[in-house]
Each structure stands twice: as C-alpha cells, then as structure tokens.
Amino acid sequence: MPEGPSIIILREEVMQFEGHKIFSASGSAKIDMDRIAGKKLLSFKTWGKNFLICFSGFTIKIHLLMFGVYLINKRKKLEPKLSLVFDNGELNFYTCSVKLLEGDLNQYYDWTADIMNENWDSKAAKKKLEEIPQKMICDALLEQDIFSGVGNIIKNEVLYRVKVHPESLIGKIPKPKITEIIKENIIYSFQFLDWKRKNELAKHWLAYSQKTCVRCNLPFVKKDTGLKKRASFFCNHCQKLYE
DNA sequence: TATAATGTTTGAAC
DNA sequence: AGTTCAAACATTAT
C-alpha cells in the first residue's frame with residue numbers, strides 16, 4: 001500500500017486529530033499503551049514511509065510495511081495493532097509495525113534523506129551514491145538512508161523515464177545521468193502524490209507491472225534484480241545498461 | 001487454491 | 001567480523 005507519497009496523504013487525512021487529547025490507546029502492538037492514554041497529541045510527521053505520532057518526550061512510529069491499513073472513525077473485525085480514541089473520533093492501524101521512540105526525533109532521522117521533505121538534499125544523495133559505485137542502481141533507489149520514501153513503483157517508473165537499466169552499476173553511470181535520476185525521482189514522487197490523490201495512480205504507469213514498452217513496442221522484461229531481489233520491469237532496448 | 005504484491009527486520013549461515 | 005540470505009510478519013486480489 002505505501003510509498004512515501006501515500007504517507008503524506010495519510011498525514012493529511014488525520015490532521016483533524018492534531019492537538020487533541022488521547023482518551024484511550026489500545027491494540028496488539030507490544031508497546032506501553034499507558035504512555036499514550038491521557039496525553040496530548042502534539043503533531044503528525046512523516047519520514048519516507050514512516051508515519052510519526054509525536055508526543056512530548058516520545059514518538060510512536062508506524063510503518064505500514066506491505067499490507068498496512070488505517071481507518072479513520074471506522075473499525076475492522078480484526079483487532080487493531082494500535083487504536084487511538086480522541087474526543088473527536090478515532091484512528092485505527094492494522095497489519096503494521098508499531099514502535100515507541102524515546103526522546104528527540106532528530107536523533108533517529110536524517111530529514112535531508114526524505115524525498116518528500118522540505119529539507120531534501122539532492123547533493124547529499126549524490127554524495128552517498130558516490131560511496132557505493134559497485135552497487136546496482138535498482139538497489140540504491142530502494143535504500144531508505146539515501147532515498148527515504150522510494151519504493152518499488154517509484155524505482156521502476158524513474159528508471160524507465162531516464163532510460164537506465166536497473167542493473168546498471170552506479171560507478172559506471174555518467175555523472176549527469178546520476179543527477180538526472182535523482183531529479184526524476186523527486187519529480188515522479190510528487191506526480192505520484194498528485195495522481196494518488198485523484199485515485200488514478202496506476203493509470204499513469206509506464207513501467208511498473210507493464211507488459212510492453214510504449215516507446216518501442218517490444219515486450220518488457222520482468223526480473224528480480226539486485227541484492228534486494230525486488231521486481232524490476234524494464235525494456236532491454238530502451239534502457240541502457242551501464243556495466 | 002496457489003501465487004504475488006507499493007516492505008522491513010531479524011538472526012542464522014557462510 | 002562482515003556479508004548474505006531466508007524467514008517471519010500478515011492481507012487481499014487474481
């Protein structure tokens with residue numbers, strides 16, 4: 001369900017609860033629920049795919065993983081991992097990872113690595129890529145310490161747009177091309193956000209889960225690539241392999 | 001019914 | 001000691 005842009009939407013949808021007191025906190029997550037009940041929810045933040053619920057002195061970190069779901073003022077039959085009840089409604093999370101982070105959030109997160117954050121820093125990303133010339137670009141794009149928020153859809157769409165083969169080695173890709181990849185990453189991520197809001201994300205896929213290249217009409221290759229072995233959809237003819 | 005899918009962490013194995 | 005890898009988690013649609 002979630003790549004970075006989807007978590008931005010999640011945050012927008014729950015803004016109504018910011019500043020409100022928690023009446024009760026419950027669920028199957030192995031955290032101390034007593035820490036939350038009665039406290040005032042200061043703010044919601046996001047870092048890539050991490051959804052952050054901030055309180056004075058600590059933060060609840062939610063990661064929706066592959067199948068995570070959240071419901072606002074609704075419940076499933078299934079017991080939630082975390083359920084927060086406010087004076088103006090409730091927020092329920094299912095099938096996700098829930099953790100409690102103590103203290104200052106800044107000690108956990110590098111905000112310049114989050115593609116959706118205002119502090120995103122392309123130069124910092126470029127520097128990090130230079131340190132791993134032997135890695136494949138398909139793996140690097142999924143590296144959350146470099147491109148926090150990028151997932152398999154964004155990876156595939158970006159590489160198709162810039163015409164780079166997913167198994168290309170970072171050190172062999174020309175510098176201007178690296179710059180282009182980073183730039184396109186940001187451009188596509190915000191288009192993802194836009195299209196997701198309009199509920200038309202899949203309509204615009206040119207690579208992800210596609211069968212044919214719209215540029216040359218040849219069949220796409222589907223292959224688990226890199227050390228991460230995540231599915232890549234690409235055109236052998238249009239996407240150049242740097243090796 | 002088996003499979004695959006927008007993901008990460010953990011700990012064993014090498 | 002550092003890396004690699006499979007397992008675990010869990011849900012829904014095809």
Side-chain angles (χ1 to χ4, degrees), chain A residues 1-11 13 27-31 46-52 59-71 74-83 92-101 108-110 113-116 131-136 138-161 166-167 169 184-211 220-234:
Chain A
M1 193 231 154
E3 293 190 26
S6 300
I7 307 304
I8 297 288
I9 294 172
L10 160 55
R11 176 167 181 268
E13 290 181 346
S28 60
K30 289 179 179 57
I31 57 166
T46 67
W47 185 80
K49 302 165 190 172
N50 295 7
F51 182 64
L52 304 164
T59 298
I60 302 296
K61 172 181 110 175
I62 309 264
H63 199 301
L64 296 176
L65 300 173
M66 195 83 98
F67 316 120
V69 169
Y70 63 92
L71 292 176
K74 279 183 215 152
R75 290 181 188 186
K76 287 190 172 205
K77 284 180 184 167
L78 194 75
E79 190 197 3
K81 270 281 164 63
L82 178 65
S83 174
N92 299 306
F93 292 95
Y94 303 85
T95 334
C96 58
S97 147
V98 180
K99 280 180 180 160
L100 196 151
L101 306 178
Y108 299 97
Y109 296 114
D110 169 9
D114 178 3
I115 53 164
M116 306 304 288
E131 289 165 10
I132 49 168
Q134 76 292 354
K135 282 201 180 179
M136 289 182 184
C138 59
D139 280 332
L141 282 171
L142 294 175
E143 225 26 271
Q144 300 300 296
D145 291 337
I146 307 178
F147 300 107
S148 174
V150 170
N152 212 28
I153 295 175
I154 296 175
K155 176 195 87 178
N156 278 295
E157 291 299 312
V158 167
L159 290 175
Y160 182 71
R161 286 179 168 205
E167 294 179 307
L169 300 179
E184 199 57 47
N185 221 342
I186 305 305
I187 293 172
Y188 178 73
S189 294
F190 280 92
Q191 284 184 321
F192 182 127
L193 175 59
D194 218 30
W195 288 329
K196 178 88 182 175
R197 279 201 181 107
K198 296 178 190 158
N199 212 7
E200 56 181 48
L201 180 65
K203 198 170 98 183
H204 299 277
W205 286 337
L206 296 178
Y208 183 76
S209 84
Q210 300 305 294
K211 300 257 190 294
F220 259 126
V221 178
K222 182 190 177 191
K223 181 184 178 188
D224 288 348
T225 58
L227 292 173
K228 294 186 190 293
K229 295 189 167 56
R230 297 296 304 278
S232 286
F233 301 83
F234 57 95

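Convention: sequence-line order gives letters A, B, ...; per-chain numbering from 1. Note that the coordinates shown come from a computational prediction; the quantities given were computed from them, not determined experimentally.
Protein atom CG of A:Leu227 is 14 Å distant from nucleotide atom C1' of C:dG2, rounded to whole Å. Rounded to an integer number of Å, the gap from A:Glu3 CD to B:dT6 P is 8 Å. Protein atom CZ of A:Phe147 is 15 Å distant from nucleotide atom P of B:dG7, rounded to whole Å. Following rounding to the nearest Å, A:Ile62 (CD1) and C:dA10 (P) show an atom-to-atom distance of 15 Å. Residue A:Lys77 contributes atom NZ, which lies 14 Å from atom P of C:dT11 at whole-angstrom precision. For the pair A:Asn152 CG and B:dT6 C1', the computed distance is 7 Å after rounding to whole Å. Between A:Phe67 atom CZ and B:dA4 atom P the separation is 13 Å, expressed in whole Å.
Side-chain proximity of A:Leu65 to B:dT6, B:dT8, B:dT10: nearest is B:dT8. Closest to the side chain of A:Met66, out of B:dT6, B:dT9, C:dT11, is B:dT6. For A:Lys222, whose side chain is taken as the heavy atoms from C-beta onward, the closest listed nucleotide among B:dT6, B:dA5, C:dT11 is B:dA5. For A:Leu78, taking side-chain heavy atoms from C-beta onward, the closest of the listed nucleotides C:dT11, B:dT6, C:dC5 is C:dT11.
Look at A:Lys76 and you'll find a side-chain N or O under 4.0 angstrom from OP1 or OP2 of C:dT12. Note on A:Lys49: a side-chain N or O is less than 4.0 Å away from OP1 or OP2 of B:dT8. The shortest distance between the side-chain N/O atoms of A:Tyr208 and the OP1/OP2 oxygens of B:dT6 is below 4.0 Å. Applying the 4.0 Å criterion to OP1 and OP2 of B:dG7, one finds that A:Lys229 has every side-chain N and O outside that range. Here A:Arg230 reaches the OP1 or OP2 of B:dT6: one of its side-chain N or O atoms lies under 4.0 Å away.
When the P atom is used for both B:dT1 and C:dC9, the distance is 22 Å, rounded to whole Å.
The distance from atom OH of A:Tyr94 to atom OG of A:Ser28, rounded to the nearest 0.5 Å, is 10.5 Å.
Across all strands shown, C:dA10 forms no Watson-Crick or G-U wobble pair with both distances under 3.5 Å. When both distances must be under 3.5 Å, the Watson-Crick or G-U wobble mate of B:dT6 does not exist.
Side-chain atoms of A:Ser232 and A:Lys155 form a donor-acceptor pair, as typed in the model, at a separation below 3.5 Å.
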